[in-house]
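Below is one structure, written out as structure tokens; comments come after it.
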Amino acid sequence: MKIFEDLTWRGLVHSASEGVEKHLAENQVTLYIGFDPTAKSLHVGSLLQILTLARMQRAGHRPIGLVGGGTGLIGDPSGKTAERQLLTKELVEKNLAGIRSQLERFLDFDGPEETRAQMVDNGEWLTTIPMVDFLRDVGKHFTVNYMLAKESVKSRLESEDGLSFTEFSYLLLQSYDFLVLHDRYGCTLQSGASDQWGNITAGTELIRKLRRTKAYGLVSPLVTSSSGVKFGKTESGAVWLDSQLTSYYRFYQFWLNTTDEDVVKYLKYFTFLSHREIEGIAENHDAARHQRGAQKRLAEEMTRMVHGETALATAVRSSEVLFGGELKDLEPAEILDVFEDVPSSELAADDLSAGVGVVDLLAQSGLAQSKGAARRLVREGGAYLNNVRIGDEQQNVTREDFLGGRVLVLRKGRKAYHVVQVQGD
RNA sequence: GGAGGUGUGGCCGAGUGGACAAAGGCAACAGACUGUAAAUCUGUCGGGCUUCGCCCUACGGUGGUUCGAAUCCACCCGCCUCCA
């Protein structure tokens, strides 16, 4: 199957320049996607873009991952309602390194030269070009009228906060990136999310004017969830690709908790599963939604792809323990392993000798904001000790309650855990 | 600089001297139902305690009037609108 056809089937084509399909079918194309160094790790939202690069590479094209060491210092107004806080140069550099290493996991940087992935940093040329050269060579080819017509600019002009000249110029910088990559690598296609469409077409225009050749844009839809919650966010914040920031368990859980309405869409978006296989999963899903086969498969595929087989096993085991109930039979070491990423605290053995009130323990752990809140929680039946509901707010916790005499697992509601360890004997 | 308005709990928003830890909504949290879902229903939602009750702190800030203030007065601070 042709790559464009595949992307279309997966719902990954939101907008595309005239002729992209033909271009991809008839040529070995070099394409690029830019990533913002706003954090040291990419999150699941960016994953879609990374995967587009990977899909293209598998289809025999050459991907370039561009990290915005230069543009990150400016800030892209696209899709933003307010002016952005500027990042410091040090922070951008630090973030660059993190993102680079993540891209390396998905793309082949060692294969045959014509499809070998490349990493570039636009800071290399954006921070060195003389201002006057830039204005003459790039700025001259854009009318302010054209820039004002861009959606990203228009919406901000109507807002009260306005738009700084800095962010207004962003469009020129990204266009220039495309031009540079076109000249250096023969890059003829830029991809990204749909909010990048304006920036991308500006680049194709620039190349057309200056080099008299055609360059193309191809953008994916923004990933949305049917509940209206922003994709990639959970109560505890963004879902990162870095396991230091989002543990295997949480990563797995994020995908597992996908709603029925979105799960097939995500399988198409994010996995490399074949069309036939996805259709089979979708059929089973419709027939037996309560089994959540589609969600399980999605979570498995994604965890394996991003973190590997061992991580997947860890996540699955943690999930089984956490949602399975009884903790009594587990060894302390096993508990600590499963609850590795759960917040924990320590309790001195001496303080425990007389026992500790369960309400105090809940408040200290931070699961409850105050003792009053802890009392309410117990009364509501939402507090658990080693996965057993606490029935009495007067309950005294002693050494006996600690598994193996060392570890205690507190839980609030369905999913909020806290581990208490005994310290010193 | 002048005139007017406004400032209430995470957010929106009632409340013009006592019945106000402050209506209502949203968000959040817990429970029930379920599929670790959605929807729905129930409860909670400043802090502390010896918890069907008591105490402390709180309606921009400081002081005042009063037996009693989110509510009245003075000054200050922030925000908004109009005029210059």
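Every chain is numbered from 1, with letters handed out A, B, ... down the list of sequences.
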Looking for any heavy atom pair under 4.0 Å, which part of the strands does A:Arg389 touch: base, sugar-phosphate only, or nothing? sugar-phosphate
If you look at every strand shown and take non-hydrogen atoms under 4.0 Å, does A:Tyr252 touch a base, only sugar-phosphate, or nothing? nothing
[atom1]-based separation of [M] from [N] [nearest Å]:
N	M	atom1	result
B:A27	B:G9	C1'	13 Å
B:A70	B:G46	C1'	16 Å
B:G15	B:C20	P	16 Å
B:A39	B:A32	C1'	14 Å
B:G17	B:C55	C1'	24 Å
B:A3	B:G10	P	35 Å
B:A14	B:U6	C1'	15 Å
B:U71	B:A19	P	13 Å

Across all strands, who's sitting opposite [N] as a Watson-Crick or G-U wobble pair, both distances under 3.5 Å?
N	value
B:C82	B:G2
B:G68	none
B:C26	B:G10
B:U62	B:A74
B:A37	none
B:C54	B:G48

What is the separation between atom [atom1] on [X] and atom [atom2] on [N], rounded to the nearest whole Å?
X	N	atom1	atom2	result
A:Leu256	B:A37	CG	P	10 Å
A:Arg411	B:A30	CZ	P	10 Å
A:Phe254	B:A37	CZ	P	15 Å
A:Tyr417	B:U36	OH	P	12 Å

Where protein sits on nucleotides 53-58 of chain B, one letter per nucleotide: B base, S sugar-phosphate only, - none, heavy atoms under 4.0 Å: ------
I'd like a table of donor-acceptor pairs (distance under 3.5 Å, sequence neighbours excluded) in which one partner is a side-chain atom from residues 44-52 of chain A, with atom names and distances.
residue	atom	partner	partner atom	Å
A:Ser46	OG	A:His43	O	3.4
A:Gln49	NE2	A:Ser220	OG	3.0
A:Thr52	OG1	A:Leu48	O	3.0

Do [X] and [Y] come within less than 4.5 Å of each other through their side chains, counting heavy atoms only?
X	Y	result
A:Pro63	A:Tyr32	no
A:Asp242	A:Leu42	no
A:Leu322	A:Asn387	no

Carboxylate-amine/guanidinium proximity below 4.0 Å for A:Lys371 and A:Asp360: yes
A:Lys2/A:Asp6 ion pair, N-O < 4.0 Å: no
Any residue of residues 367-382 of chain A with a heavy atom less than 4.0 Å from an atom of RNA chain B: A:Ser370, A:Lys371, A:Gly372, A:Arg375, A:Arg376, A:Leu377, A:Arg379, A:Glu380, A:Gly381, A:Gly382
Looking at residues 284-302 of chain A, who's got a heavy atom less than 4.0 Å off RNA chain B? A:Arg289, A:His290, A:Arg292, A:Gln295
Map A:Asp360 and A:Gln253 onto RNA chain B by nearest heavy atom, then report which one ends up closer to the 5' terminus. A:Gln253
How do A:Val359 and A:Ala383 order along RNA chain B: which one's closest nucleotide is nearer the 5' end? A:Ala383
Applied to residues 56-70 of chain A, the side-chain hydrogen bond (donor to acceptor under 3.5 Å, both in side chains) test, sequence neighbours excluded, yields A:Thr30-A:Arg62
What pairs of residues pass the salt bridge (Lys or Arg N to Asp or Glu O under 4.0 Å) test when at least one of them lies in residues 290-300 of chain A, not counting sequence neighbours? A:Glu277-A:Arg297, A:Arg297-A:Glu301
Has A:Arg55 got its NZ or CZ under 6.0 Å from the middle of the six-membered ring of A:Phe272, at an angle within 45 degrees of the ring axis? yes
Parallel, tilted or perpendicular: which describes the rings of A:Phe134 and A:Tyr176, with under 30° parallel and over 60° perpendicular? perpendicular
Quick one: do A:Phe270 and A:Trp255 satisfy ring pair (Phe, Tyr, Trp, His ring centres under 6.0 Å)? Show the steps, please. CA-CA 11 Å; A:Phe270 292 102; A:Trp255 296 103; 5.0 Å; yes
We want to know whether A:Gln196 and A:Gln190 form a side-chain donor-acceptor pair, criterion being a heavy-atom distance below 3.5 angstrom. no
Using only side-chain N and O atoms of A:Tyr249, determine if any of them is under 4.0 Å from OP1 or OP2 of B:U36. no
Which nucleotide in the set B:A30, B:G31, B:U36 lies at the smallest distance from any side-chain heavy atom of A:Tyr384? B:G31
If the test is side chain to side chain contact (heavy atoms under 4.5 Å, CB included), which one of A:Leu24, A:Leu218, A:Val20 qualifies with A:Leu7? A:Leu218
